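A short write-up of the structure that comes next.
The shown structure was predicted, so the numbers you read here are calculated from the model rather than taken from an experiment. Note that ligands are numbered from 1 as they come in the structure, with each ligand's atoms numbered from 1 the same way.
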Amino acid sequence: MPANQKSAQREVRTRFAPSPTGDLHVGNIRTALFDWAYARHTGGKLIFRIEDTDRERVTDEYIQRAIETLQWLGLNWDEGPEVGGPYGPYLQSQRLDIYNEWAQKFLQNGDAYNCYCSTEELEARREKQRELNQAPGYDGKCRSLSADEISRYQTEGRKPVIRMRMPDGETHFTDLIRGEVTFDHKFVPDFVLMRADGSPLYTLAVAVDDVLMKVTHVLRGEDLLSSTPRQIRVYQAMGVAAEDFPFFAHLPFVMGQDNAKLSKRNGEVSIAWYREQGFLPEAICNYLALLGWSPGDDRENITMEELVQLFTVERVNSSPARFDMKKLEAINGDKIRALTIDDFLTRALPFLLKDGVIQGSDAEIAVVKSALPIIQERIARMNEVTAMLKFLFVEKVTFDAESSSKIGEEPSQHVIKRALEVLQPLGEWKHNLIEAELRKALLDEMGLKPRVAFGPVRIAVTGSHISPPLFESMELLGKERSIARLTAAIR
Ligand code: GLU
């Protein structure tokens, strides 16, 4: 059964088809990004389809969050929720009649059959297969029931599932990343299309939709590779010619640092977490784009425009990619430094508001704006703005136990007193003048090391040993408040 020998002329139509049973995770987003990049590179279309037939696990809230996540990342789609399109609806839960119709057709033309086996019977037979070391899976018991057997089952009140008949033989297809793939049908037993309650299974819905939505390229995670022969079987039963099957490209797994598949257990997977931590969408896209794909050089920075220009499926690496948080953080820092101050401000404000650092008045925003240039070099995640800028907006600084004991001891007390003496007379409150005075008094005259000299001053003024550059911070805070804080630190 040769598959996907189709001409390359047709417009490319890719699809991203998550089942949002939680927040989209790193693997989902990399798939979405590659689907998007391929559609944009080829001038084709990206379809966004929600696979929500399992309504116990996929909720409206998760669907909404999936939509917002893609929007936030800038991965726009041409057909799907919010935008519609010619092959909708794009929520599978709104397409149940379509799947049912196809399942009935498959029953009528003999591609599928009603299967009356109960769960207990299936389990008992599977147990036997295990004992005999046979390939597990449905044994074909209901493939050719007589009219008598059927009516007996019906009288017993059994409700059948609809099962697809898998003919003997093999399925071959060319995976655009993995090359030639063959599945021996000995290991692909007849499979369920519709449950006894009339609800469709993933294999039916996904295949029917890919055909009806005229998908030409299925780029998706490697975990779905083994479902491909079943999907191809559905295409055939639908009467689709082999040259019209979509191309498949199965993206290798994203692994954690421990070389196990990235999951909650060995890393942070939820994109929502990255957003809360202050990773910028362009940094996430940049990092994920180069996770398992490269344009042929070893660059670490790429813009969305460059990705669109350069993306080809052929350059996706067929071996698993390793997720490296440090690298993502470094890229995030680069992207933060590349922001204009206005853009930086727009992105920083939500964090400061959420953390209650500011209430949002014009005066506060002006202070934030004036402070941003001095922290732009120093943060790798946007949520760090809170710790960095809080000192500007509090009435009085509070110290944790460690800082408190540190500035209470000598030589800290001596340092703070001396700093006060030289800063009080200072006429003009500029960071370079503040620095010159403190260097002269504390380093040159007292002979202290910078850390010993400036550490206590930093804690006294900002409340923390992590802060923006000290002298700039003091300038921003103003003379009166700086002096008051130093005075308050004297025991
Ligand atoms: N809905 C499937 C999932 O989230 C993916 C379907 C597909 O890409 O074929 O696992």
**Message:** With a 3.5 Å distance limit and no angle check, can you tell me whether His185 reaches the backbone of Pro167 through a side-chain donor-acceptor pair?
**Reply:** yes

**Message:** Just to check, does Arg15 reach to within less than 4.0 Å of ligand 1 when the distance is taken from its heavy atoms?
**Reply:** yes

**Request:** Write out the residue and atom name of the closest protein heavy atom to atom 10 (O) of ligand 1, then the distance separating them to 0.1 Å.
**Result:** Leu224 CD1, 4.1 Å

**Asked** Is there any N or O on Glu51 that sits under 3.5 Å from an N or O of ligand 1?
**Response** yes

**Prompt:** Has the side chain of Ser199 got a donor or acceptor atom that lies under 3.5 Å from a matching backbone atom of Arg195?
**Reply:** no

**Asked** Is Pro18 touching ligand 1 with its side chain, its backbone, both, or neither, if touching means heavy atoms under 4.0 Å apart?
**Response** backbone

**Request:** Tell me which part of Asn28 gets within contact of ligand 1: side chain, backbone, both or neither, using heavy atoms under 4.0 Å.
**Result:** neither

**Phe16 to ligand 1, any heavy atom closer than 4.0 Å** = no

**Request:** Using a strict 4.0 Å cut-off to heavy atoms of Tyr202, name the atoms of ligand 1 that fall inside it.
**Result:** 2 (C), 6 (C), 7 (C), 9 (O)

**Message:** Would the distance check show the side chain of His250 and the main-chain N or O of Gly221 forming a donor-acceptor pair, the cut-off being under 3.5 Å?
**Reply:** no

**Donor-acceptor pair, side chain of His41 and main chain of Gln309, under 3.5 angstrom** = yes

**Prompt:** Is Arg233 close enough and on-axis enough to Tyr235, meaning under 6.0 Å and within 45°, for cation-pi?
**Reply:** no

**Message:** I want to check a possible cation-pi pair here: Arg381 against Phe279, using under 6.0 Å from ring centre and within 45° of the ring axis as the test.
**Reply:** no

**Asked** Of the choices Ala17, Gly27, Ser227, Gly221, which has the non-hydrogen atom that lies closest to atom 2 (C) of ligand 1?
**Response** Ala17

**Asked** Which protein heavy atom lies closest to atom 4 (O) of ligand 1, and at what distance to 0.1 Å?
**Response** Ser19 N, 3.1 Å

**Message:** Does Gln231 form a side-chain hydrogen bond (donor to acceptor under 3.5 Å, both in side chains) with Ser227? I'd like the steps, not just the answer.
**Reply:** CA-CA 6 Å; Gln231 281 162 243; Ser227 73; 2.8 Å; yes

**Prompt:** Which of the numbered atoms in ligand 1 are below 4.0 angstrom from a heavy atom of Val206?
**Reply:** 9 (O)

